[in-house]
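Report on the structure given below.
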Number of protein chains: 2
Amino acid sequence: MTPSIPDADSNLPDSADGLRDMILARYDGMTKVLQQVGRYVLDHPEDMALLTLNELAERSGTQPSAIVRFAKALGFTGAGPMQRLLRDSLIAQNSALGYSERVHQFGAAVEDSVSAGGIGALIDEFAEGDILALQNTRAMVGREGLASAVALIAAARVVHLVGMRRAFPVAAYLAYAVPQAGKPTMLVDGVGGLAAQQLRAIGPDDVMIAISYHSYAPETVSAVEAACAAAAKVLAISDSLLSPIAKRATQTLLVRESEVRGFRSLSSSLCLAQALVVGLAYDQQRHVAAGGGAPAGDAS
Amino acid sequence: MTPSIPDADSNLPDSADGLRDMILARYDGMTKVLQQVGRYVLDHPEDMALLTLNELAERSGTQPSAIVRFAKALGFTGAGPMQRLLRDSLIAQNSALGYSERVHQFGAAVEDSVSAGGIGALIDEFAEGDILALQNTRAMVGREGLASAVALIAAARVVHLVGMRRAFPVAAYLAYAVPQAGKPTMLVDGVGGLAAQQLRAIGPDDVMIAISYHSYAPETVSAVEAACAAAAKVLAISDSLLSPIAKRATQTLLVRESEVRGFRSLSSSLCLAQALVVGLAYDQQRHVAAGGGAPAGDAS
DNA sequence: TTCATGGTGGAATGAAATTTTCATATTGAC
DNA sequence: GTCAATATGAAAATTTCATTCCACCATGAA
């Protein structure tokens, strides 16, 4: 039974923005599941506008009835009216442009001058460049490349990670994610001048993942040399087969990063790193327990 | 009676663009009513994506059954699949995860889908997901968002960076790149338990760039609180307006990372970070020397 | 610990929308 | 001009979806 809508403000929002503000205002007073629904509405308004309640419930990890309750808690008569509000806003946004223009909205050529579009136009350039780079990387790495790299890592006792300067974020990501896949991991970061000690821990059953781009950091090169000296395997992530780390590597994964205005990106390397880790997680799982089920997701 | 789909090309289009081309190609061979439907699909794709067949029939001056026949003539099994195609394109333009439920399988039958394409197929999934996420980020951040964020950083005396766990690679990249743009930078990394000391250095003319994703690391939240207490500006890079750091931030840049098999990516955040840094470099350069020319590129 | 209150998940129900079917109309050929 | 074949429109039938209802669980107080 609806309690005759005792809500303080019986006036509904009349726009998606108004709805967003209303959710933000009431969020703290909501129950756990209702908050979950609210978060999904704020984070994925397009989904909430267009999908069915069953799909939404699945994606947001709730129940259809919870979505209906959420809408009613906000004063709507049901989930339908709330969806209609979001959908109308979405249509209004998109029908401003003609169909053909909107379709090519993202493929449109980018002005090559910063002063033309202002500094803000840089986001278009970098996004577009990264998209092209990702397509390229996907083709260059290939399924076999990824699969054999995963096998290489899976067979190792310990994973050692090296990446300096611009490559460091990639190494840092792997240092965060690889242990989650259940593989012992050491990041050779050289903090406290302990790089030599860290390299001494490399054994013959280990693998070193070395990430380096032109021009190749000498610390990374010498770390690879140390790994080779210890008879460890080396997986190189680099931008050239001629790079000093690729030459000594057991396997090399080539990534082509976009270069916009002289700045090279990292998106492709991160994407590849993530594919490696998830592949490793599936592989580990398959060997540990024959049963199915997804490997644990991540959190931050 | 379906004539067992005698259409020459039984392969369906996989995008709104492809559908549009297919309609144009077959238009001349269609009957009057089917042409009428086709014209409506081309002229009002968002209606066709969202409205019910009854409404569409009324608006286009046809019948619901005519729309079903039209879809079948194109090779679809019914009007539903055709609408779904258009709807997904609509979502893809506005959000990252527009592309079918295959991406969103949490615990469902993961084992066999991996073994179907092999672990190597993950590279395709992640690359594709990241591309969609980048398109979305580009649209969500927008030129104004980037421009005002750059202005916020440019006005600061010192930039403080916070990002833990999964967000750390982004902070690490900024710690590498922001100083190259000539802006004093401190990374709050908490190495050696010195986080408190690092936070004490924040002044009222500074800006803190805080990166955090669900679920939000408490260290990051308290760092933001410390920045607020010091009357510093806060630029949040996060995945939700409800995140504890977004609520306290001077400005929030929303990024929606792709989520494939429960693992969220970082490509969009890295792309955004790079756009921020290059924008900052141009801005700094413009104020230091009026002359044009690109800022120095990077190297590793 | 026990009870009471309110929240939550899942199944049943009723409504709405899509698809099929069939009768009628229209077009083209002989 | 008539017949055959196909297209069209209307309505029935089926499927899908939103909502409601009920039983169970969690939380907090006595």
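In what follows, chains carry the letters A, B, and so on, assigned in the order in which the sequence lines appear, proteins first and then strands, with residues in each chain numbered from 1.
Around NZ of K183(A), the count of heavy atoms belonging to other residues, nucleotides or ligands within 6.0 Å exceeds 12.
Summarising the geometry, the separation between CD on Q35(B) and P on dA7(D) is reported as 12 Å, rounded to the nearest angstrom. Rounded to whole angstrom, the span from the CD1 atom of I67(B) across to the P atom of dA17(C) amounts to 13 Å. Between L51(A) atom CG and dC17(D) atom P there is a gap of 11 Å when expressed in whole angstrom units. Note: CE (M48(B)) to C1' (dT18(C)) measures 14 Å, nearest angstrom. The CG atom of L53(B) sits 17 Å away from the P atom of dT15(D) (whole-angstrom rounding). Regarding R84(B), its CZ atom lies at a distance of 14 Å from the C1' atom of dT19(C), rounded to whole Å. A straight line from CD of E55(A) to P of dA18(D) spans 9 Å, rounded to a whole angstrom. Rounded to a whole Å, the CE atom of M82(A) is 10 Å from the P atom of dT19(D).
Scored by the salt bridge (charged side-chain N to carboxylate O under 4.0 Å, His left out) test, R39(A) finds no partners at all (sequence neighbours excluded).
Taking CG of L56(B) as the start and CD1 of I67(B) as the end, the distance is 5.0 Å to the nearest 0.5 Å. For the atom pair E128(B) CD and C271(A) SG, the distance stands at 10.5 Å (nearest 0.5 Å). The distance from atom CG of L51(A) to atom NE2 of H44(A), rounded to the nearest 0.5 Å, is 11.0 Å. In this structure, OH in Y213(B) is found 9.5 Å from CZ in R264(B), a value given to the nearest 0.5 Å.
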For nucleotides 3-5 of chain C, print each protein N/O atom paired with a nucleotide N/O atom at under 3.5 Å, atom names and distance only.
none

Report, one pair per line, the protein and nucleotides 6-9 of chain C atoms (nitrogen or oxygen only) whose separation is under 3.5 Å.
| from | atom 1 | to | atom 2 | distance (Å) |
| --- | --- | --- | --- | --- |
| dT8(C) | OP1 | T31(A) | OG1 | 3.2 |
| dT8(C) | OP1 | V33(A) | N | 3.1 |
| dT8(C) | OP2 | T31(A) | OG1 | 2.8 |
| dG9(C) | N7 | R69(A) | NH2 | 3.2 |
| dG9(C) | O6 | R69(A) | NH2 | 2.7 |

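No side-chain donor-acceptor contact under 3.5 Å links D28(A) and Q35(A). Checking E257(B) against S269(B) by side-chain atom types alone, a donor-acceptor pair falls below 3.5 Å.
Classification of the Y176(A)-Y173(A) ring pair by plane angle, with boundaries at 30° and 60°, yields tilted.
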